[in-house]
Amino acid sequence: MITTRMDPEKARWVGTGIPPRLRGLTFNDVEEMGGQAEAVKKARHFVNGYRAQQSKNWRGLPTSPNVYGLGLLFAGQPGTGKTTLAAAVLCELRRRYGLTVYCARYSDHIERERKLVRADQNVDPEQISRWQYAVERVQWADVVLLDDVGHEHSTDSKFAEDTLERLLRQRYDEGRPTLITTNLSGDDWAARYSKPLRSFMDQCTRRQIFTGESYRRGDQ
Ligand SMILES: Nc1ncnc2c1ncn2[C@@H]1O[C@H](COP(=O)(O)OP(=O)(O)OP(=O)(O)O)[C@@H](O)[C@H]1O
Ligand SMILES: [Mg+2]
């Protein structure tokens with residue numbers, strides 16, 4: 001029998017959807033990059049407090065209902081480090097507590113949902129099960145990062161908008177935190193999605209605005 005061995009550090013990130021260049025990232029790594037000190041501090045606080053936030057009493061009820069299932073919303077201009085820090089949060093949670101984490105660009109998630117709805121017998125079943133795996137991870141992973149919300153394609157049917165609302169409410173009701181990164185401001189958010197969803201975001205996430213110039217060379 002042929003057995004293939006994988007480096008355990010590599011194996012930890014398989015199936016997490018985290019882009020390879022961000023896999024295994026720590027808060028120390030992000031601090032060394034130099035920017036967004038306040039956001040990094042809040043991200044550390046979130047990970048340090050994760051167990052307490054999610055704890056339940058002997059009856060299975062959350063001991064801190066106000067924060068149970070609370071996620072993070074990173075909003076700000078392109079290139080300010082939102083995806084990098086959000087990926088570090090996932091990596092720290094996975095490494096420290098062994099949680100199932102999953103990362104998807106929201107536009108990719110919506111594409112997969114659309115393709116699953118449309119799929120017929122001509123589509124390779126293995127392809128379908130890969131899409132299904134990804135879609136189910138977004139629904140059921142302990143903590144999920146929906147990256148770049150607002151960049152997905154919008155249609156008359158409002159499929160992407162409705163899916164986001166359903167997903168966030170379902171995850172919050174199940175007590176599963178969601179991390180979101182977006183370039184949209186609060187007003188953009190209310191216009192694109194809805195005022196009720198904008199208001200629900202304040203309930204189900206802590207907002208962190210990323211200020212300053214883009215760190216990407218060429219953006220300035
Ligand atoms: N805290 C930081 N300090 C300095 N540079 C950083 C920091 N975080 C990320 N960077 C660098 O800035 C660049 C952009 O980071 P990132 O992709 O996380 O930004 P973003 O806010 O997600 O952008 P977008 O809104 O376009 O998705 C990357 O090259 C990254 O290495
Ligand atoms: Mg990003």
Side-chain angles (χ1 to χ4, degrees), residues 9-10 12-13 16-50 71-96 101-113 134-135 137-138 141 143-154 160-161 163-164 167-168 171 177-193 197-198 201-202 204-220:
E9 176 59 20
K10 262 192 189 163
R12 197 198 293 273
W13 311 111
T16 60
I18 300 172
R21 69 186 175 89
L22 298 174
R23 285 184 189 179
L25 205 65
T26 65
F27 290 140
N28 288 344
D29 295 330
V30 180
E31 265 164 357
E32 278 174 18
M33 295 177 189
Q36 304 299 354
E38 188 198 321
V40 180
K41 200 171 144 199
K42 286 202 182 151
R44 268 190 198 279
H45 182 74
F46 177 79
V47 171
N48 289 339
Y50 186 81
L72 296 168
L73 172 66
F74 290 170
Q77 296 296 312
T80 49
K82 303 177 297 297
T83 299
T84 305
L85 185 58
V89 171
L90 287 190
C91 295
E92 293 271 3
L93 287 170
R94 171 125 189 89
R95 196 193 302 274
R96 282 174 60 176
V101 298
Y102 194 74
C103 168
R105 284 180 55 86
Y106 187 59
S107 53
D108 292 343
H109 175 71
I110 282 299
E111 271 313 298
R112 289 192 282 257
E113 288 241 23
V135 164
R137 282 282 150 142
V138 166
V143 180
V144 153
L145 165 57
L146 301 179
D147 195 34
D148 236 336
V149 172
H151 273 206
E152 72 281 3
H153 181 56
S154 185
E161 291 81 354
T163 301
L164 183 66
L167 186 58
L168 290 174
R171 290 188 52 84
T178 306
L179 315 181
I180 288 186
T181 75
T182 186
N183 295 145
L184 301 179
S185 71
D187 287 346
D188 295 341
W189 189 284
R192 166 134 197 181
Y193 301 99
L197 184 59
R198 160 87 167 94
M201 294 310 293
D202 286 335
C204 73
T205 60
R206 273 205 189 95
R207 194 169 352 138
Q208 173 68 37
I209 311 288
F210 283 54
T211 52
E213 298 286 312
S214 170
Y215 298 119
R216 283 193 197 108
R217 276 186 299 261
D219 273 5
Q220 281 93 356

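In what follows, residues are counted from 1 in the order of the sequence shown. Each ligand, and each atom within it, is numbered from 1 in the order the structure gives. Worth knowing before you read on, the calculation uses all heavy atoms, side chains too, and leaves out hydrogens, waters and symmetry mates.
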Atom indices of ligand 1, in the order listed, that fall short of 4.0 Å to a heavy atom of N183: 25 (O)
N-O pairing of R12 and E9 below 4.0 Å: yes
NZ/NE/NH1/NH2 to OD/OE distance under 4.0 Å, R192 and E152: yes
The Mg ion (ligand 2) to nearest N/O/S of T84 less than 2.8 Å: no
Closest non-hydrogen protein atom to [atom], residue and atom name please, with distance?
atom	result
atom 19 (O) of ligand 1	G81 N, 3.1 Å
atom 1 (N) of ligand 1	G35 O, 3.1 Å
atom 29 (O) of ligand 1	R216 CG, 4.6 Å
atom 16 (P) of ligand 1	T84 OG1, 3.5 Å

Close side-chain approach of R137 and V144, heavy atoms under 4.5 Å: no
Exercise check, heavy-atom protein proximity under 4.0 Å to atom 9 (C) of ligand 1: yes
R21-ligand 1 polar pair, N/O distance under 3.5 Å: no
Close approach, T181 and ligand 1, non-hydrogen under 4.0 angstrom: no
Ring geometry between W189 and Y193 (parallel below 30°, tilted from 30 to 60°, perpendicular above 60°): tilted
